[in-house]
Chemist: 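Before I ask anything, let me first share the structure, which is written out below as structure tokens.
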Amino acid sequence: MSDPLQPSLLAGFDLGSTLPGTPKTAEHLPVARVIIDSALPHLDRPFDYLVPAQLDATARPGVRVKVRFGGQELAGFLAERLEHGEQGVRLQPLGSVVSPEVVLTAPVLATARAVAERYAGTLWDVLRSAVPPRMARVEKEAGTADEAPDPATPETHPPAAAAGPADPRVAGQHADDAPTGDKRDAPHGVVSDGVDPRGLDALHGPLLAEYDGGAHFAAELAAGNSPRAVLSAVPNRPGHWPALLLEAALAANESGRGALIVVPDARDLARLCTLLDERIGTGNYVRLSAEDGQTPRYRNFLRAARGQARLVVGTRNAAFAPVKDLGLVIIWDDADTSHAEPRAPYHHAREVLLLRSGIENAAMLVAAPGRSAEAQRLIRSNWAVELRANRALLRAHAPRVIAASDEFEQNRDPLLHAARLPAAAWREAKLALERGPVLVQVARTGFMPALRCERCRTSARCTKCTGPLALDDARGAPSCGWCGLVAAGWSCAECGFMRLRAASIGADRTVEELGRAFPNVNVVAATGAKPLHHVPDAPALIVATPGAEPVAEHGYAAVLLLDGDRMMSREGLRTGEEVLNRWMGAAQLARGHVGAPGLPGGGTVVVAGDPSEPMRALVRFDPGAYADAELGERRALGLPPAVRTALVKGPAATADKFVEALGFGDDVRLHGPVLAGEGEHRWLLFYSYAQGPAVTRKLRTLRASFSAAKEPILAIRVDPDGIL
DNA sequence: AGCACGCCGACT
DNA sequence: GTCGGCGTGCTC
């Protein structure tokens with residue numbers, strides 16, 4: 001069909017052509033620069049084609065095309081139309097325009113290019129996550145590019161599990177209504193996930209103004225300027241963060257610009273969308289999430305691409321969403337690991353938005369319950385301002401935090417010991433259960449994978465390299481966490497016993513044990529596998545793994561953080577930061593110490609474990625200070641994110657040759673080679689932010705020439721997480 | 001992945 | 001002198 005030599009396509013197009021049988025080319029801008037779908041690094045550059053006259057109208061920049069390349073038909077995006085191609089190159093005709101829909105806008109392409117450059121990856125890899133696959137049927141559905149958003153046609157997501165009942169009164173409200181909304185619109189009796197009906201009045205107030213510099217930030221947004229800010233949200237305010245982010249987005253809308261909000265996962269997205277449905281109406285924003293399924297995802301993507309909404313919200317790939325006149329990008333909880341793309345080039349949504357805000361001259365807001373070291377770096381380098389919560393407000397909303405070092409207390413009562421419950425935690429929980437629900441955060445199984453001898457409790461180690469043995473679901477048998485050796489037929493080095501016991505205790509077992517420690521109390525589990533979004537304001541013990549904590553309507557009377565020591569014991573540069581973030585995530589769900597107007601007070605957080613810096617930061621409820629101290633320390637040690645890193649991995653000979661050929665001097669620290677799997681070598685590079693662009697450019701070009709020389713393609717990861 | 005082009009051996 | 005082996009490199 002796309003073969004230009006087919007007579008059906010040639011019919012009528014040989015008039016004025018240079019050769020008989022050659023189709024006539026477009027008169028104006030006859031050259032199309034095309035980005036082709038190729039996994040090969042040395043082909044990661046645009047190629048030019050001639051636009052046949054018959055494709056002139058549809059071959060616009062940003063459309064999907066098919067082109068002949070080498071011997072095969074390849075998919076591609078038309079990047080731009082030009083008057084001339086490169087000198088001395090015989091151009092082939094464009095194969096076909098797959099769809100007239102413009103799915104790759106110029107700023108998104110520029111962002112994707114910057115991301116590919118920043119992560120030393122190929123442009124096509126980035127575009128694959130930036131532009132969802134085409135679903136042809138969706139394009140034919142009702143609704144044209146010029147049609148106004150129609151709230152009566154819910155072209156959006158399937159009903160989210162957590163979504164509350166829709167309020168018909170808000171349908172038809174438009175995004176460009178006053179950003180503060182109308183107090184009379186507060187729906188009474190509508191209880192939705194994370195939104196306290198009694199607190200809704202507060203949602204309509206200027207929430208940003210509660211942060212130092214927040215009012216100014218909002219005013220700048222509304223005035224059409226592009227300020228940049230980092231913010232740690234005030235805890236214990238059900239529905240606070242979605243309302244806060246919406247307020248910023250609406251301020252940007254007020255200046256006539258679009259806004260984009262990226263959240264870590266479907267659960268957070270459901271919370272945000274519930275609020276958006278109530279406040280601006282389902283038809284007035286676009287939701288983008290890979291979890292919605294391909295067809296709804298493409299349908300929503302098209303609405304954004306056609307400019308039918310000025311607010312786009314979604315998970316990490318939404319960072320590339322086409323938003324007309326983008327004025328503000330927001331990332332919520334940038335420390336959440338879900339923001340990192342698991343496929344090449346492993347880009348992080350925060351970095352994508354950072355690059356994009358620069359390219360589109362858009363404002364940026366990095367908001368989180370805690371504070372990542374990267375966000376702190378933005379403050380330290382004066383790239384962004386810190387919006388600090390009003391201290392009185394923070395004091396009222398922050399819970400009382402008790403650090404319980406459990407060493408001596410723990411062993412007294414066998415029931416508490418079994419439940420890993422320090423006496424102080426038990427006492428607080430007992431008291432709190434008279435006032436409301438109590439959250440118990442336990443570490444995820446994967447977080448404490450150590451195995452021990454079932455008889456003598458000696459930790460199980462690899463016989464070859466003494467690395468820790470771990471039970472891997474995929475393999476079934478225990479294997480070494482360092483060298484990967486499968487330890488079949490293990491026996492204890494200390495006592496010879498042959499059975500292992502998992503040192504990890506899953507949420508389900510904790511439920512059992514807590515049930516015994518708290519007779520007559522309702523104990524339920526909330527984990528990733530068994531999610532629970534919302535719990536009523538009634539006495540109960542809620543056992544949850546980090547990230548899966550349900551929201552309590554009026555906050556938890558107490559929050560117990562039990563597995564601190566186990567979580568802290570994991571090796572890794574970011575362990576402290578991750579643990580604090582997990583604690584903050586749970587602690588922010590506790591009631592405030594004093595209690596804000598309309599909200600009960602008396603919230604307590606008990607954190608069990610040995611004293612540590614993250615624990616001190618939690619007690620002070622100051623994640624910013626902790627991140628700042630961490631960043632200072634990393635700078636002194638020359639470790640990320642104070643510096644940037646890159647990982648090169650592949651067959652030993654190629655990897656070594658590659659690193660040597662990079663030819664970096666003393667300004668790039670080289671570590672390696674480390675044996676990484678079967679015959680593979682891994683190298684680590686450390687370099688400054690200033691050198692970042694030069695280093696990644698070199699990595700890309702060298703990888704391209706290695707690829708052209710038919711060397712095996714190396715894995716390159718820039719700023720990899722979880723390696724150090 | 002395909003296809004051109006090139007260098008060298010075999011056959012007319 | 002010409003045909004065709006397949007090895008190397010390019011693909012708009």
Side-chain angles (χ1 to χ4, degrees), chain A residues 1-6 9-10 13-14 16-100 102-104 106 109-110 112-113 116-117 121-128 131 133 343-344 650-651 653-654 657-658 661 700-715:
Chain A
M1 186 171 99
S2 47
D3 190 334
L5 295 178
Q6 262 189 12
L9 288 183
L10 287 176
F13 285 101
D14 41 359
S17 60
T18 43
L19 289 163
T22 306
K24 192 179 158 191
T25 354
E27 274 177 37
H28 187 55
L29 301 174
V31 175
R33 188 149 282 178
V34 175
I35 296 153
I36 54 160
D37 172 7
S38 169
L40 299 171
H42 63 284
L43 297 182
D44 185 33
R45 63 194 160 91
F47 290 88
D48 293 341
Y49 290 84
L50 286 175
V51 179
Q54 116 230 45
L55 297 179
D56 189 22
T58 49
R60 292 188 292 158
V63 299
R64 289 176 202 276
V65 293
K66 285 257 167 79
V67 291
R68 223 174 149 66
F69 185 84
Q72 54 197 329
E73 176 116 302
L74 287 187
F77 291 108
L78 201 158
E80 53 185 326
R81 291 280 296 266
L82 303 163
E83 199 53 60
H84 304 284
E86 212 180 301
Q87 200 80 62
V89 184
R90 176 81 139 268
L91 301 185
Q92 292 280 317
L94 199 63
S96 62
V97 172
V98 175
S99 150
V102 173
V103 289
L104 180 63
L109 173 57
R113 282 212 160 100
E117 189 67 51
T122 65
L123 179 57
W124 193 265
D125 276 347
V126 179
L127 291 177
R128 199 178 26 216
V131 186
R343 297 181 305 171
T654 309
K657 202 181 351 161
F658 184 86
R700 283 186 95 202
T701 52
L702 193 63
R703 183 150 83 144
S705 54
F706 266 56
S707 154
K710 292 251 194 322
E711 290 272 3
I713 291 174
L714 295 166

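Atom set for the values below is all heavy atoms of this structure, side chains included, hydrogens, waters and symmetry mates excluded. Throughout, a chain's letter reflects where its sequence line sits, starting with A, and its residues are numbered from 1. Keep in mind that what you see is a predicted model, and the values were worked out from it rather than measured.
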Chemist: Given C/dT11, C/dC12, C/dC10, which nucleotide is nearest the side-chain atoms of A/Lys710?
Modeler: C/dC10
Chemist: Whether the side chain of A/Arg128 engages the backbone of A/Ala344 through a donor-acceptor N/O pair (distance < 3.5 Å, no angle test) should be reported.
Modeler: no
Chemist: For A/Arg90 and C/dC10, what is the distance between atoms CZ and P respectively, to the nearest whole Å?
Modeler: 19 Å
Chemist: Of the candidate nucleotides C/dT11, B/dA1, C/dC12, which contains the atom at the shortest distance from the side chain of A/Gln72?
Modeler: B/dA1
Chemist: Can you spot which of A/Val131, A/Val98, A/Val102 makes a side chain to side chain contact (heavy atoms under 4.5 Å, CB included) with A/Phe77?
Modeler: A/Val131
Chemist: Considering every strand and a 4.0 Å limit on heavy-atom distances, what is the contact class for A/Leu43: base, sugar-phosphate, or nothing?
Modeler: base
Chemist: I'd like to know if A/Arg64 pairs up with A/Asp37 as an ion pair, taking the criterion as any Lys NZ or Arg NE/NH1/NH2 lying under 4.0 Å from an Asp or Glu carboxylate oxygen.
Modeler: no
Chemist: Find the distance between CG (A/Leu40) and CZ (A/Arg703) and round it off to the nearest 0.5 Å.
Modeler: 10.5 Å
Chemist: CG of A/Leu82 versus P of C/dC12: gap in Å, rounded?
Modeler: 17 Å
Chemist: How many Å lie between CD1 on A/Ile36 and P on B/dG2, as a whole number?
Modeler: 15 Å
Chemist: Which nucleotide in the set B/dA1, B/dC3, C/dC12 lies at the smallest distance from any side-chain heavy atom of A/Arg68?
Modeler: B/dC3
Chemist: Report yes or no: is the ring centroid of A/Phe69 under 5.5 Å from the six-membered base ring centroid of C/dT11, with the two planes under 30 degrees?
Modeler: yes
Chemist: Would you kindly give the CZ-to-C1' distance between A/Phe47 and C/dC12, to the nearest whole Å?
Modeler: 6 Å
